[in-house]
Amino acid sequence: MALNIVLVEPEIPNNTGNIGRLALATGSRLHLVKPFGFEIDDKRLKRAGLDYWQHLEVIYYENKEEFFNQNEDKKMAFLSSHGTKSHWDINFEDDMFLVFGKESVGLPKPLIKERKEDLFKIPMYSENIRSLNLSNAVSIIVYEGLRQLR
């Protein structure tokens with residue numbers, strides 16, 4: 001039972017490190033799509049990932065096109081605060097790809113339009129917040145997926 005966590009152009013090394021740690025803890029694969037907002041050997045990334053990074057299955061892509069070309073036949077769910085369906089509506093499957101955008105702006109707008117049917121959001125119950133921290137959002141989605149798959 002494995003899920004695939006996809007970070008499209010992540011910007012904050014601490015988030016990526018924490019998500020890597022989560023991926024290892026949950027038996028998930030981490031897919032990182034360039035460009036990054038940091039160097040992959042950034043000490044903040046390593047500190048957040050601690051000494052776990054070398055045990056993690058990480059797949060790197062030079063850009064979005066490479067990612068989608070290599071994984072075009074995979075089932076994907078896209079997470080965005082612009083989604084209209086709740087993450088509870090995701091029909092999780094083994095080997096599913098969970099795609100998250102960068103911290104500052106989320107998923108690219110063209111991707112949101114193209115994948116509208118596969119676009120989900122985490123409900124928020126306050127008008128005073130526009131989004132959750134990326135590593136928190138990934139945790140919510142991954143553990144909901146694992147709950148459904150067990």
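One-based numbering along the sequence shown. Excluded from the calculations below are hydrogen atoms, water molecules and symmetry mates; all remaining heavy atoms, backbone and side chain alike, are included.
The two residues L132 and A137 have their closest heavy-atom pair at CB-CB, 4.5 Å. Across all non-hydrogen atoms, the minimal contact from M96 to A77 is CE-CB, 3.6 Å. Summarising the geometry of S86 relative to P123, their closest heavy-atom pair is OG-CG, 3.7 Å, with the distance given to 0.1 Å. The two residues I122 and H87 make their nearest non-hydrogen contact at CA-ND1, 3.9 Å. In this structure, A23 and I5 approach most closely via the heavy-atom pair CB-CD1, 3.9 Å. Contact record, E62 with E66: N-OE1, 2.6 Å, taken as the closest heavy-atom pair.
Under the 4.5 Å side-chain heavy-atom criterion for grouping Ile, Leu, Val, Met, Phe, Trp and Tyr, M124 is connected to V138 within one hydrophobic cluster. Both I19 and L79 belong to a common hydrophobic cluster when Ile, Leu, Val, Met, Phe, Trp and Tyr are linked at side-chain heavy-atom distances under 4.5 angstrom. Under a hydrophobic-cluster definition in which Ile, Leu, Val, Met, Phe, Trp and Tyr are linked whenever side-chain heavy atoms come within less than 4.5 Å, directly or via other members, V33 and L119 are assigned to the same cluster. The hydrophobic cluster containing I90 also contains L146, counting ILVMFWY residues as joined when their side-chain heavy atoms lie under 4.5 angstrom apart, directly or transitively. A continuous path of hydrophobic side-chain contacts links L98 to L32 [ILVMFWY only; heavy atoms under 4.5 Å].
Interatomic distance, CG of N18 versus CG of L22, reported as 9.0 Å (0.5 Å rounding). Atom CD of residue E93 and atom CG of residue L3 lie 10.5 Å apart, to the nearest 0.5 angstrom. The line from CD of Q148 to CG of N91 is 7.0 Å long, rounded to the nearest 0.5 Å. Taken to the nearest 0.5 Å, the CZ atom of F97 stands 4.0 Å off from the NE2 atom of H31. Of the inter-residue distances, the one linking I59 atom CD1 with Q70 atom CD reads 8.5 Å to the nearest 0.5 angstrom. Atom CG of residue L134 and atom OG1 of residue T16 lie 7.0 Å apart, to the nearest 0.5 angstrom.
Taking 4.5 Å as the limit, some side-chain heavy atom of L7 sits within range of a side-chain heavy atom of L30. Residues F92 and E144 have side chains in contact (heavy-atom distance under 4.5 Å, counting atoms from C-beta outward). In this structure the side chain of D118 never reaches within 4.5 angstrom of the side chain of V99, judged on heavy atoms.
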In a table with atom names and distances, give each donor-acceptor pair under 3.5 Å that connects a side chain of residues 100-115 to protein atoms at least two apart or in another chain.
{"from": "K102", "atom 1": "NZ", "to": "E9", "atom 2": "OE1", "distance (Å)": "3.2"}
{"from": "E103", "atom 1": "OE1", "to": "E11", "atom 2": "N", "distance (Å)": "2.8"}
{"from": "E103", "atom 1": "OE2", "to": "I12", "atom 2": "N", "distance (Å)": "3.4"}
{"from": "E103", "atom 1": "OE2", "to": "N15", "atom 2": "ND2", "distance (Å)": "3.1"}
{"from": "S104", "atom 1": "OG", "to": "E11", "atom 2": "OE1", "distance (Å)": "3.0"}
{"from": "S104", "atom 1": "OG", "to": "E11", "atom 2": "OE2", "distance (Å)": "2.9"}

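Within a 6.0 Å sphere centred on NZ of K75, heavy atoms belonging to other residues, nucleotides or ligands number more than 12. Other residues, nucleotides and ligands contribute over 12 non-hydrogen atoms within 6.0 Å of the CD atom of E65.
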The test is side-chain contact (heavy atoms from CB on, under 4.5 Å); show your working for Y61 and V6 and say whether it passes.
CA-CA 10 Å; Y61 303 88; V6 181; over 6 Å; no

side-chain contact (heavy atoms from CB on, under 4.5 Å) for N71 and M76? Distances and angles first, verdict last.
CA-CA 9 Å; N71 300 292; M76 296 187 189; 3.8 Å; yes

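With sequence neighbours excluded, the residues forming a side chain to side chain contact (heavy atoms under 4.5 Å, CB included) with L24 are Y52, H55, L56, listed by chain and number. Partners of F120 according to the ring-ring contact (aromatic ring centres under 6.0 Å, His included) rule, which considers only residues two or more places apart in sequence or in another chain, do not exist here.
Side chain of K85 to backbone of E117: a donor-acceptor contact under 3.5 angstrom is found.
R29 has a carboxylate O that lies under 4.0 Å from a charged side-chain N of D95, or vice versa, which qualifies the two as a salt bridge.
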